[in-house]
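Report on the structure given below.
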2 protein chains.
Amino acid sequence: MEQLFSSAGFEDVGGGPLYLQLQRRIGEAIAAGRLKPGDSLPPERDMAAMTGLSRVTVRKAVEGLVGSGQLVQKRGSGTFVAQRVERLEQALSLLTSFTEDMARRGKNVESVWLTRGLHAPAPEEVMALGLGAGDRVARLERVRRSDGVPLAIERASLSAAVLPEPEGVEASLYAVLEARGMRPVRAVQRISAANLGARDAELLHVPPGAAGLRIERIGYLPDGRVVEFTRSLYRGDAYDFAVELKLAPDTERKDP
Amino acid sequence: MEQLFSSAGFEDVGGGPLYLQLQRRIGEAIAAGRLKPGDSLPPERDMAAMTGLSRVTVRKAVEGLVGSGQLVQKRGSGTFVAQRVERLEQALSLLTSFTEDMARRGKNVESVWLTRGLHAPAPEEVMALGLGAGDRVARLERVRRSDGVPLAIERASLSAAVLPEPEGVEASLYAVLEARGMRPVRAVQRISAANLGARDAELLHVPPGAAGLRIERIGYLPDGRVVEFTRSLYRGDAYDFAVELKLAPDTERKDP
DNA sequence: CAGTGGTCTAGACCACAGT
DNA sequence: CTGTGGTCTAGACCACTGA
């Protein structure tokens, strides 16, 4: 630790800005395992004194590593090396619910409800669900966790006609829909990446600006009616979506 | 402009940190269209004087908006409202090449080559491509652009046996493979989100830390041999991937 | 050349955590 | 209470842009 923050080696020329030099040092120490997950770094003021840099410069170095998820800062407590998050892989060809998906791989699921009730629909919801004037919308908003680690924020909207009592949904929305004979059999998803805002980042326990997978899904019944409109945000560092592609729809038939 | 940066309305209580209050003001001005793409903001020193804040605080406010892609800073020149990037949608069920995909929607494609040649394989490439000792690998690394806007970084690796002369690839890799009878008919992709590093961000003309879609693809021949191993980074603000999901592989057959 | 953003400093006060 | 990170200031020098 003493050598990591020694004042030696900080050249004002050649190595680029001082905060990047320090950032590189710390990053390499983590990569090399000299700093392990959970380890605490010295207080910013101490790092500043040890390196001979100002506290502002030390903070700027740490800031980048917090942004990339390598460090975690806790006000009043300290700065720590982040825990590694196991990356989960989700097959992106079958229409499954989060609950079923996690059960299949032996993980438990917890939901923290943020909203669960009937509301006046937003214009976006009217569009997606094809609502009429005066229709109400059931909104289910929750943080999905596994083993205490938040993995995703899920915001589902359904017509009140489909789900008149949203308070009855406990673990799995799809299980409730199945019981009502309204489970979607087809869905269209759009996937993109976005930097998480302050609120969403906090819910997922990642720093603001961290990369997240944004998934927008519209689910359909066999007769083509829209059932659900769901917008989810997955932690970019915890989730992989896997897809299988084919050259053309029927190319593989001859070779089953 | 004068009222936007007036010193009135900065309360040290209630509105949160000063830099967030200023950030919100500027962000709302952009959202409301009072600041249009290409507009320049006053110099940081002027904004500081107008608001009565210090330059460091003004910079911190601007920093966040640059991070989320709403502002662009040019050293020696100024700070500007970013141009809006049209979001493209890519169907994620057919195996197409970037070139074909863009041609289909009437966009031109430009490639800026970063690397194109035969190299000694990295361990990762040996694994993915199933290379033997002494085998060499063809590496094609390029920035994909459309109408001058960089959209993705593509890093393709192929066995030298599949592509002995990588220098011969011009626009479309798949066109070259097709000519050699080695075009993949099936592929497996893994999609995740990640914050872009400094180098990749620069190549895509976005600020470091911006969200990107990371796609890893392994392409197969009809006989199951691996042809390509490609890692791509797409700009999160410019790309949507669309997928259609089904409940079970054969559910929809009865209703064509 | 003057003006811009990029970096850096020393010092201050605040809010919160843990004792 | 002490120690931590979070915020903020005033002032300085540098590197780059563009006239």
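In what follows, chains carry the letters A, B, and so on, assigned in the order in which the sequence lines appear, proteins first and then strands, with residues in each chain numbered from 1. As the structure is a prediction and not an experimental result, all values here were calculated from the model.
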task = Using whole Å, report how far CD of Glu44(A) lies from C1' of dC8(D).
result = 14 Å
message = Among dA10(D), dC8(C), dG5(C), which nucleotide has an atom closest to any side-chain atom of Arg55(B)?
response = dG5(C)
query = Along nucleotides 14-19 of chain C, 5' to 3', which nucleotides get a B, which get an S, and which get a -, given that the test is a protein heavy-atom distance under 4.0 Å?
reply = --BS--
inquiry  = Distance check needed: dT9(C) P versus Leu18(A) CG, whole Å only.
reply    = 6 Å
key: side-chain contact (heavy atoms from CB on, under 4.5 Å) involving Glu154(B) - partner list, sequence neighbours excluded   = Phe98(B), Arg142(B), Arg144(B), Thr230(B), Ser232(B)
query = Residues two or more places apart in sequence or in another chain: which of them pass side-chain contact (heavy atoms from CB on, under 4.5 Å) with Ala242(B)?
reply = Arg190(A), Glu89(B)
Residue pair Ala211(B) / Ala194(A): nearest heavy atoms and the distance that separates them = CB-C, 3.3 Å
remark   = Thr57(A) has its side chain closest, among dC8(D), dT7(C), dT9(C), to dT9(C)
message = dC8(C), OP1 or OP2 - any side-chain N/O from Tyr19(A) closer than 4.0 Å?
response = no
query = Angle, rounded to 10°, between the helical axes spanning five pairs at each terminus of the helix from dC1(C)-dG18(D) to dG18(C)-dC1(D)?
reply = 10°
query = So, for Gly67(B) and Asn195(A), which heavy atoms are closest and what is the spacing to 0.1 Å?
reply = O-OD1, 4.3 Å
query = Can you tell me how far P of dG6(C) sits from CG of Leu71(B), to the nearest Å?
reply = 12 Å
key: Selected nucleotide, minimal atom distance to Thr79(A) side chain, candidates dG5(D), dT9(C), dT9(D)   = dG5(D)
message = Hydrogens and angles aside, do Gln23(A) and Glu28(A) bring a side-chain donor and acceptor to less than 3.5 Å of each other?
response = no
query = Atom CE of Met47(B) and atom C1' of dG5(C): how far apart are they, to the nearest Å?
reply = 10 Å
ask   = Taking CD from Gln73(B) and P from dT4(C), how many angstroms apart are they, rounded to a whole number?
value = 13 Å
note = Shortest non-hydrogen pair, Arg235(A) vs His205(A), comes out as NH1-O, 4.4 Å
ask   = Within a radius of less than 6.0 Å around CD of Glu202(B), do more than 12 heavy atoms belonging to other residues, nucleotides or ligands occur?
value = no
task = Considering only NZ, NE, NH1 and NH2 on the basic side and carboxylate oxygens on the acidic side, decide whether Arg155(A) and Glu125(A) come within less than 4.0 Å.
result = no
request  = Mind listing the residues from residues 59-70 of chain B sitting with a heavy atom below 4.0 Å of DNA chain D? Number order is fine.
outcome  = Lys60(B)
key: Considering all heavy atoms, the nearest Ser111(B)-Ala171(B) contact   = OG-O, 4.5 Å
inquiry  = Is a donor from one side chain sitting under 3.5 angstrom from an acceptor on the other, for Glu63(B) and Tyr19(B)?
reply    = no
query = Of all residues at least two apart in sequence or in a different chain, which pass the side-chain hydrogen bond (donor to acceptor under 3.5 Å, both in side chains) check with Lys74(B)?
reply = none
